[in-house]
2 protein chains.
Amino acid sequence: MREISIGEAARRSGIKVTTIRFYEERGLLPAPPRSDSGRRIYDTATVERLGFIRHARDLGFRLEDIADLLALQGQPGASCAPADSLARRHLSAVRERIAALRALETELERMVSGCDHTDTAHCRVIETLADHARCIADHPTGLTGELDTAGAGKAD
Amino acid sequence: MREISIGEAARRSGIKVTTIRFYEERGLLPAPPRSDSGRRIYDTATVERLGFIRHARDLGFRLEDIADLLALQGQPGASCAPADSLARRHLSAVRERIAALRALETELERMVSGCDHTDTAHCRVIETLADHARCIADHPTGLTGELDTAGAGKAD
DNA sequence: CCTACTTTCTACAGCGACTGTAGAAGCAAG
DNA sequence: CTTGCTTCTACAGTCGCTGTAGAAAGTAGG
């Protein structure tokens, strides 16, 4: 089985068939050779490349950054500084995200624990939402989804 | 200044003009009366509604859920159980997200701390990405961006 | 060989929550 | 009157896919 179909590549890499074609379109994978009837033919190297991509996606890297990392991987001997700084930047983005989510967690906890469950007129959840002043110092307003993925991998 | 323009409403609420129009289209705001020349005319109640929306968005609620919360707010006397359970569900989603991001943080830390910064052939970052087996037990594969917002509020 | 089923192909629309663009019109001040 | 700001509508783009439609090709059983 030296010639690998797209479906087989999907099974081996854990990336869906449609997603593989999407990655090709986005330049993460080279256009593969085709069979006489026009079907994509992959090899083990491509499957490994897909594994790389999947892992990087699981870690929340953006496709654009993954393309850069793949290019670096293909240049043995080149400095790994770009890969390193990319990973570091990503790490600090993840940390910021965690901090923001923790602040959210705190305020949501206060909201749901403070509600006496009678009716909407006295609902702490709704009151709190209506009156930002009650917690304006507690949760962040200023960082928008710059890191929205993490732990991807629905995979087939 | 009883009649509030969309720009003024944006300034007061911290929500961009374009986003206000977008919220109207999505049914979070009623279609406001218009001036002779067709411009939207708001009142303080709408500005407060915008504040509610903004706060809920800052907390990461989805627009669909915010619409539900707004409907509940408008029905004093109704049970707040739906609002409560919505907030609780959201809270547990936030917690899951934090846990996933912490796992990511751990692996990213290992990646960047283990790199000796020589060249790509020995780069720990790239090696780790290429070989998922090194950490397959450490980070989650299975939960995809079901909670991707948090701490929004770029706001004008 | 025929039929049924699966896989693959292309091309395009949709998700969520906006943001940005284009082009036109209204409005206020100098 | 001109300049410059605001507002209007309508639509495309962001990100990382997912889902759809319709067609062609491959595979298995009778």
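Note on naming: letters A, B, ... go to the chains in the order of the sequence lines (proteins, then strands), and numbering restarts at 1 for each one. Side chains are part of it too, since the values below use all heavy atoms of this structure and drop only hydrogens, waters and symmetry mates. Note that the structure is predicted; figures quoted are calculated from it, not measured.
- Among the nucleotides C:dT8, D:dT18, D:dT9, the one closest to any side-chain atom of A:Val17 is C:dT8.
- When rounded to the nearest whole Å, the span between CZ of A:Arg21 and P of C:dC12 equals 15 Å.
- Using a 4.0 Å heavy-atom cutoff across all strands shown, B:Arg40 reaches sugar-phosphate atoms only and no base atom.
- Within the 4.0 angstrom heavy-atom criterion, only backbone atoms of the sugar-phosphate kind lie near A:Ser5; the bases stay farther away.
- Ion pairing between B:Arg11 and B:Glu8 holds under the 4.0 Å rule for side-chain N and carboxylate O.
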Name the pairs: protein N/O against N/O of nucleotides 24-26 of chain C, kept only if under 3.5 Å.
{"unit_1": "C:dG26", "atom_1": "O3'", "unit_2": "B:Ser37", "atom_2": "OG", "d": "3.2"}
{"unit_1": "C:dG26", "atom_1": "N3", "unit_2": "B:Arg39", "atom_2": "NH2", "d": "3.3"}

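- Across the interface with DNA chain C, nearest-nucleotide mapping of B:Asp36 and B:Leu63 shows B:Leu63 to be the residue nearer the 5′ end.
- Contact of the B:Leu108 side chain with the B:Glu105 side chain is not registered, since no non-hydrogen atoms from C-beta on lie closer than 4.5 Å.
- B:Glu24 has its CD atom 17 Å from the C1' atom of C:dA17, to the nearest Å.
- Minimum atom distance to the side chain of B:Arg34 is reached by D:dT9, of the listed D:dT9, D:dG16, C:dA17.
- Donor-acceptor pairing under 3.5 Å is recorded for the side chains of A:Glu107 and B:His55.
- Contact of the B:Ser35 side chain with the B:Arg40 side chain is not registered, since no non-hydrogen atoms from C-beta on lie closer than 4.5 Å.
- B:Phe22 places its CZ atom 16 Å from the C1' atom of D:dT9, with the value rounded to the nearest Å.
- Nucleotide D:dT7 holds its P atom 12 Å from the CD1 atom of B:Ile4, rounded to whole Å.
- Under 4.0 angstrom from either OP1 or OP2 of C:dC18 there lies at least one side-chain N or O belonging to B:Tyr23.
- Side-chain N/O atoms of A:Lys16 include one lying less than 4.0 angstrom from OP1 or OP2 on D:dT18.
- Nucleotide C:dG14 holds its C1' atom 11 Å from the CZ atom of B:Arg26, rounded to whole Å.
- Under the 4.0 Å criterion applied to side-chain N and carboxylate O atoms, B:Arg95 and A:Glu109 are assigned as salt-bridge partners.
- Side-chain contact between B:Arg49 and B:Leu29 is present, with heavy atoms from C-beta onward closer than 4.5 Å.
- Between A:Ile41 atom CD1 and D:dG26 atom C1' there is a gap of 13 Å when expressed in whole angstrom units.
- Taking atom CG on B:Leu28 and atom P on C:dG16, their separation rounds to 12 Å, with Å as the unit.
- Phosphate proximity of D:dC17 to A:Thr18: absent, as no side-chain N or O sits under 4.0 Å from OP1 or OP2.
- OP1 or OP2 of D:dC17 sits under 4.0 Å from a side-chain N or O of A:Arg57.
- Look at CG on A:Asp65: it is 11 Å from P on D:dC15, rounded to the nearest Å.
- A:Phe22 is listed as a side-chain neighbour of A:Leu63, based on a closest heavy-atom distance under 4.5 Å.
- Looking only at side-chain heavy atoms (C-beta outward), B:Arg12 and B:Tyr42 stay at 4.5 Å or farther from each other.
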Atom pairs under 3.5 Å: protein N/O with N/O of nucleotides 28-30 of chain C:
none

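- Using a 4.0 Å cut-off between charged nitrogen and carboxylate oxygen, A:Arg21 and A:Glu25 do not count as a salt-bridge pair.
- Using a 4.0 Å cut-off between charged nitrogen and carboxylate oxygen, B:Arg26 and B:Glu64 do not count as a salt-bridge pair.
- Taking the side chain of A:Arg62 as heavy atoms from C-beta on, and the options D:dT9, D:dC15, C:dA17, the nearest nucleotide is D:dC15.
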